[in-house]
**Student:** 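Take a look at this one; I'll ask things after.
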Amino acid sequence: MNLFAIAPLFAVLLGTVPQQARAIVVPARIEPRVVERMYNEAIIRDGSIDPLVGQLGAMCADDARPKRSRANACLLRSHLEWRHGRIAPAMAAADAGLAVDPYDDMVFHKAR
């Protein structure tokens, strides 16, 4: 195994992967424990939810992604913004998700 294969492995293990290289996996169903885990990890890792919210916003706006995936990214972003006390951005993210795919979870989230 050469150094070029080992260095990225150590970067991942040590948590030193650059922000752009971190992939976000948006689950098919947004559960409260997922939101809590992602929120806590973002605060510990970055000191803020802004990088994570920015990536989710880009995923939500990406027309190349499936509608449900985009809507879930908006929903997750809305939950994170709400948890952080940013009510207006949370509502805007929920509205963006509804515009993409107004499925049940999005409608229920907006109604709450």
Side-chain angles (χ1 to χ4, degrees):
M1 194 175 241
N2 63 30
L3 180 61
F4 295 110
I6 295 173
L9 176 64
F10 282 117
V12 169
L13 292 175
L14 296 175
T16 58
V17 177
Q19 194 62 24
Q20 306 86 291
R22 290 190 179 123
I24 297 175
V25 177
V26 178
R29 182 152 174 87
I30 309 299
E31 299 288 339
R33 61 186 149 78
V34 171
V35 175
E36 181 179 5
R37 180 181 52 79
M38 291 184 84
Y39 179 86
N40 290 341
E41 287 175 358
I43 294 296
I44 290 168
R45 181 182 60 238
D46 303 320
S48 170
I49 64 167
D50 293 336
L52 178 59
V53 165
Q55 286 180 307
L56 289 169
M59 291 170 75
C60 182
D62 184 2
D63 290 334
R65 299 177 65 84
K67 283 186 174 187
R68 184 59 53 92
S69 175
R70 292 173 56 206
N72 276 344
C74 293
L75 178 59
L76 182 55
R77 178 180 173 207
S78 179
H79 278 293
L80 291 168
E81 295 276 21
W82 188 272
R83 182 177 175 89
H84 203 63
R86 299 175 181 168
I87 306 310
M91 297 303 282
D95 290 337
L98 284 169
V100 171
D101 185 9
Y103 71 103
D104 293 347
D105 286 349
M106 283 300 310
V107 173
F108 293 144
H109 175 69
K110 177 68 177 187
R112 277 186 255 154

**Student:** Would Leu76 end up clustered with Tyr39 when hydrophobic side chains under 4.5 Å apart are linked, directly or stepwise?
**Tutor:**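 Result: yes, single cluster for both.
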**Student:** Ala90 and Ser78: which non-hydrogen atoms are nearest, and at how many Å?
**Tutor:** O-OG, 2.8 Å
**Student:** Within this structure, what is the CD1-CZ distance for the pair Ile24 and Arg77, rounded to the nearest 0.5 Å?
**Tutor:** 11.5 Å
**Student:** Which pair of heavy atoms, one from Val26 and one from Leu56, lies closest together, and at what distance?
**Tutor:** CG2-CD2, 3.8 Å
**Student:** Starting from Val107, can I reach Val100 by hopping between I/L/V/M/F/W/Y residues whose side chains sit under 4.5 Å apart?
**Tutor:**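 Different clusters: Val100 never reaches Val107 through Ile, Leu, Val, Met, Phe, Trp or Tyr contacts under 4.5 Å.
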**Student:** Heavy atoms only: give me the nearest Ala71-Gly97 pair and the separation to one decimal.
**Tutor:** CB-O, 4.0 Å
**Student:** Mind checking the CG-OH spacing from Asn72 to Tyr103? Nearest 0.5 Å is all I need.
**Tutor:**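 The distance works out to 3.5 Å.
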**Student:** Do Val34 and Arg29 pass the side-chain contact (heavy atoms from CB on, under 4.5 Å) test, and can you show the C-alpha distance, the side-chain angles, and the key distance before you say yes or no?
**Tutor:** CA-CA 9 Å; Val34 171; Arg29 182 152 174 87; over 6 Å; no
**Student:** Say whether Val35 and Met38 are linked into one hydrophobic cluster, either directly or through other cluster members, by side-chain heavy-atom distances under 4.5 angstrom.
**Tutor:** yes
**Student:** Indicate yes or no: does Asp105 engage Arg68 in a salt bridge with an N to O separation below 4.0 Å.
**Tutor:** no
**Student:** Do His79 and His109 have side chains that approach each other closer than 4.5 Å (heavy atoms only, starting at C-beta)?
**Tutor:**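 His79 reaches His109 side chain to side chain.
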**Student:** When clusters are formed by joining ILVMFWY residues with side-chain heavy atoms under 4.5 Å apart, either directly or through shared neighbours, do Met59 and Val53 land in the same one?
**Tutor:** yes
**Student:** Walk me through whether Leu52 and Glu41 qualify under side-chain contact (heavy atoms from CB on, under 4.5 Å).
**Tutor:** CA-CA 10 Å; Leu52 178 59; Glu41 287 175 358; over 6 Å; no
**Student:** With rounding to the nearest 0.5 Å, note down the distance linking CE in Met106 to CG in Asp95.
**Tutor:**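 Spacing of CE (Met106) from CG (Asp95) equals 8.0 Å.
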**Student:** The test is side-chain contact (heavy atoms from CB on, under 4.5 Å); show your working for Glu81 and Ile49 and say whether it passes.
**Tutor:** CA-CA 8 Å; Glu81 295 276 21; Ile49 64 167; 4.1 Å; yes
**Student:** Do the side chain of Arg70 and the main chain of Asp62 share a donor and acceptor less than 3.5 angstrom apart?
**Tutor:**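 Flag set: sc Arg70 to bb Asp62 pair under 3.5 Å.
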**Student:** Is Ile43 linked to Leu80 within one hydrophobic cluster, defined over Ile, Leu, Val, Met, Phe, Trp and Tyr using a side-chain heavy-atom separation of less than 4.5 Å?
**Tutor:** yes
